[in-house]
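All remarks here apply to the structure that follows.
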Amino acid sequence: MSPCNSTQHCVVLSEGADHSVCPCPVPILACCTMRAKVSDMHSKDCVKVAVRVRPFNKRERDAGSRCIISMVSSSITIQDPRDSQNRRSFCFDYAYWSHSGFTRDHRGVYVPEEPGGRYADQVSVFQDLGEGILENALQGYNATLLAYGQTGSGKSYSMMGYGPNKGLIPKLCDRLFQAIRENQENRQCQVFFSMLEIYNEQVVDLLSRASRTPGGLRVREEQQRGFYVEGLRTVPCETAAQVEQLMEQGTRTRTTAATHMNANSSRSHMLIILQLKQIFSKESITKQSNINLVDLAGSERQRSSGSEADRLKEGTAINLSLTTLGNVISSLADVAVGKKVVHIPYRDSALTKLLQSALGGNSRTVMIATLSPADICYEESLSTLRYAERYKKHCKVFWIFPFCSISNIFNINFILLYSPLCRSTPHFLSLHLFHFFRAKREWDIGLCDSSPRSICIKGLGIQERHAVFRNEQRRVTLTPMAGTKVIVNGNPVSQTTELQHLDRLILGSNCTYLFIGYPSERCGDDWSRYDYDYFQSELAAAEGIHLGESSAGLSQTEPSLLAVFYDYIKLMPMVAEANQMSQELSKGVEFKLEIKNLALSDSKGHDLEKDIVVRVTSKGTKQVWMWSKAKFINRKFLMEEVYQQHLAEQSGDNVYKDPFWDPIEPLLLGTAHLWLQSLAFRIPLEEQLEVLGSEGTEEGILQTQLVPCSSTGLPLGEDDILIDPSEILGRRLDFQLVLDQCCGLRWIREARNRGVQIGQPLYTPAVWHNVNPLLDHRVHFASLHTSQRLLDYLQSSAVVLELWGLQGEDEHFFTVFCGEAARSRSVRPSCDAEFARALKVFYHNMTSVRGQLQRLRRHRPSESDLLGLRLFVDEQSRLLRDFSEQLEQSVSTLKQDVAAIVRRKRERSGIWS
Ligand code: ADP
Ligand code: MG
């Protein structure tokens, strides 16, 4: 029997019986033996944290940097360069001094200056960290090695090494194949190698160019395997040289994003998976183990976009995987010290999914945290040491728990077991735990755990007594308690409902279960398809979001659509949780997922990509914000922090502004396409345009005209109509675009205190409180020399008119300010009124500037732009130029207006005095 490295557990609830746990789907006797083995492994310290400090690099030497790190045995002290009294010490399993005391030997290998010197070279690091991992893997246990640190601190040097200074990974491979050769008589071994990169949450197979599909490879989940990367290339290897060659190939393929510090892949995570299969034919045993080797992205990303206050700054690239890794480790550390933890966010990023079992305890894990010695890197190094300390803390306590407690404490996806122990009773297959229903009885399910007849579950939105299950006369029914959230097969239920075999249940915002009926109802069905995605897809379908089933299956679905669909179902449970938190914290905001069709802004009206956005609505004031996916995910972490603080009843040292809210801003409600073709024939056009929202909803009607005219603005007559548009080539073309009126504005109908404005490419004055506001706005356009390009454009394109929703404060400000001004004007003509008008003009201008900025923000390179990056850069600079011109213009208009007003005021006071 092979040692068990499964994460699967089963909890059986039966009268008077305790929870009994069985760690793998094999007969129970074998499991007991396994448990002894597993605990053997745990009795050794399964988590090691090492810290290594590198030599100064050239930049640091040139800057005359001071070394602020000192090490004595395994303790490390870091000194604040601005305050010599401020020192912090940390203690880890290993502290490697690789800063000084070394020389280069004839092969170019860095070695200690003198034998036994304190310099820690690659060999000694391998002996401490690599040997243990290897030994563990040969015994059949999983092992994980992570390198964490700021870019340029020595992660890749320690993991891969450079040139003759081979790092942990190649050394480990050398020793692995050596061990295989030495043990050839009693076992047959197979090694499989895979190498992948996680960049911007996309998983890229580094060994297969073909797999560079848009959106990357999919991380899937199966009951038996846990998370894995679908379609990842796995290469069988027989020698270390072969592995090294593959590593070189993979490293070459790796996305390289240059930063000012280091031109290597500082923004992506590299993960190597070595699978070792050992077959002991004499004993009929197969041992299988995975070694995960992870070179993490530079940790400075984590700080600037993750844990600090400036996480909220827009536009910062969020390294979701690194942020989530930090959050997972934090949550586990909190659990370890006995804090209440609602949710461990493994599922929130690709990296934490793939490392779930390693982080959750099913693996021997080593973290090497690398540091720069220099004073200029003080903040980064301190943050790295704190991170490493957190890591050590979570892991240390983790292993103290006996196996059976772990499944109760952590919401790890422990699923089940088929054993003669539990075949005959109906039960729930949970993505957390397994609950069995014995005999005729009634069960309460909820937060309570006092009653022996209760099933205790924890999760957002779970009430003390959430629902009651009854098992009578071979019928199992579910009765939700008043006001609780219960969803069966995607539909909310509030009445007693009889459960059928394979019904899907969601309790609260995100506790998911599969109901397994009596054996007579089970006809060899494949339960594995009911994975987490299945539950979420079903919920999405209930909301009307689904992929059309084609006979050719999902592979026929357009990749960008698939990506949006998976994004949607990934965000759904997060949105549910955000709503639950908002409710429990009485924040009064509601989150809703929307699919935004980017075609709305395309001047050719092409059906372009779709994107996911989160609509945030304040229930009281009806103010609305639109958050991008990344922004929402980032905010959700912060909401969780606020929520945790609330649970722990701490006053909160939250330095961020409230993550549930934002300052009010104009909102793009929808767009209308005004096709220009009639201008090519100089035919006037009067149109009632539908303004369509991002989900295809009608936001209102826009009455418009296109009027071909003379250079002085006189409308042309019928005699001027052209039969052949090419006649206009080389001649002057004048026309006016008229925006007459908006009708039936949904935005205003919903809340009367709102306003609208047409933005892009022209900006009308804002109009407030009116469902059918008159705009009466006219803009004259002239082309002095009509080119073929312009003609083609007129014939094939539309002007995209954007309808912007205005809300709250702006309007309030105007009403008060202008009201005051108007009142004073009635007494005598006042400069204040002029001042108010000037300000109003300025604010309108700023709305247009904001529109321009929004456009800039949305301006992303398309696939074809990427090929010719120049085009994109040119367009970007043009937009920037336009933007800055508009900004300059608005500010200078304001200055002039204010100067004129002040001048007039002086003149007047001179006259009056
Ligand atoms: P990272 O992967 O963290 O961005 P690197 O491993 O690429 O950083 O290291 C940056 C530079 O520092 C490289 O030139 C590397 O050779 C050097 N370096 C890192 N660690 C050591 C060390 N322990 N001894 C000597 N040089 C090192
Ligand atoms: Mg590196």
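Only this structure's heavy atoms are used, side chains among them; waters, hydrogens and symmetry mates stay out. Indexing begins at 1, ligand by ligand and atom by atom, following the structure's order.
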- Query: Does an N or O anywhere in Lys155 fall below 3.5 Å from an N or O of ligand 1?
  - Reply: yes
- Message: Evaluate Ser153 for polar contact with ligand 1, using N/O atom pairs at a separation under 3.5 Å.
- Response: yes
- Query: Does some side-chain heavy atom of Val109 sit less than 4.5 Å from a side-chain heavy atom of Asp121?
  - Reply: no
- Contact between Arg52 and ligand 1, counting heavy atoms under 4.0 Å? yes
- Task: Starting from the C-alpha separation in whole Å, work towards a yes-or-no answer on salt bridge (charged side-chain N to carboxylate O under 4.0 Å, His left out) for Arg82 and Glu379.
- Result: CA-CA 11 Å; Arg82 287 159 309 202; Glu379 302 287 341; 3.2 Å; yes
- Message: Is there a polar contact between ligand 1 and Ser156, counting only N or O atoms under 3.5 Å apart?
- Response: yes
- Message: Does the residue Gln150 have a heavy-atom contact with ligand 1, meaning some pair of atoms that are separated by less than 4.0 Å?
- Response: yes
- Query: Does an N or O from Val53, backbone or side chain, lie closer than 3.5 Å to an N or O of ligand 1?
  - Reply: no
- Query: Below 3.5 angstrom, do we get any N/O pair linking Pro55 and ligand 1?
  - Reply: no
- Kindly determine whether Thr352 and Ser349 satisfy side chain to side chain donor-acceptor pair (under 3.5 Å), including the steps that lead there. CA-CA 6 Å; Thr352 46; Ser349 80; 2.7 Å; yes
- Task: With atom 7 (O) of ligand 1 as the reference point, say which of Tyr157, Tyr162, Tyr96 has the nearest heavy atom.
- Result: Tyr162
- Query: Checking ring pair (Phe, Tyr, Trp, His ring centres under 6.0 Å) for the pair Phe56/His99: CA distance, chi angles, key distance, verdict?
  - Reply: CA-CA 7 Å; Phe56 281 134; His99 176 62; 4.8 Å; yes
- Consider ligand 1: state whether an atom of it lies below 4.0 angstrom from any non-hydrogen atom of Gly149. no
- Message: Taking a cutoff of less than 4.0 Å between a non-hydrogen atom of the residue and any ligand atom, is Tyr148 in contact with ligand 1?
- Response: no
- Does Thr370 come within less than 4.0 angstrom of ligand 1, counting non-hydrogen atoms of the residue? no
- Note on the structure: Min over Gly154, Ser372, Ser158, Ala297 of heavy-atom distance to atom 8 (O) of ligand 1 lands on Gly154
- Query: Would you say Ser156 reaches the Mg ion (ligand 2) with an N/O/S atom under 2.8 Å?
  - Reply: yes
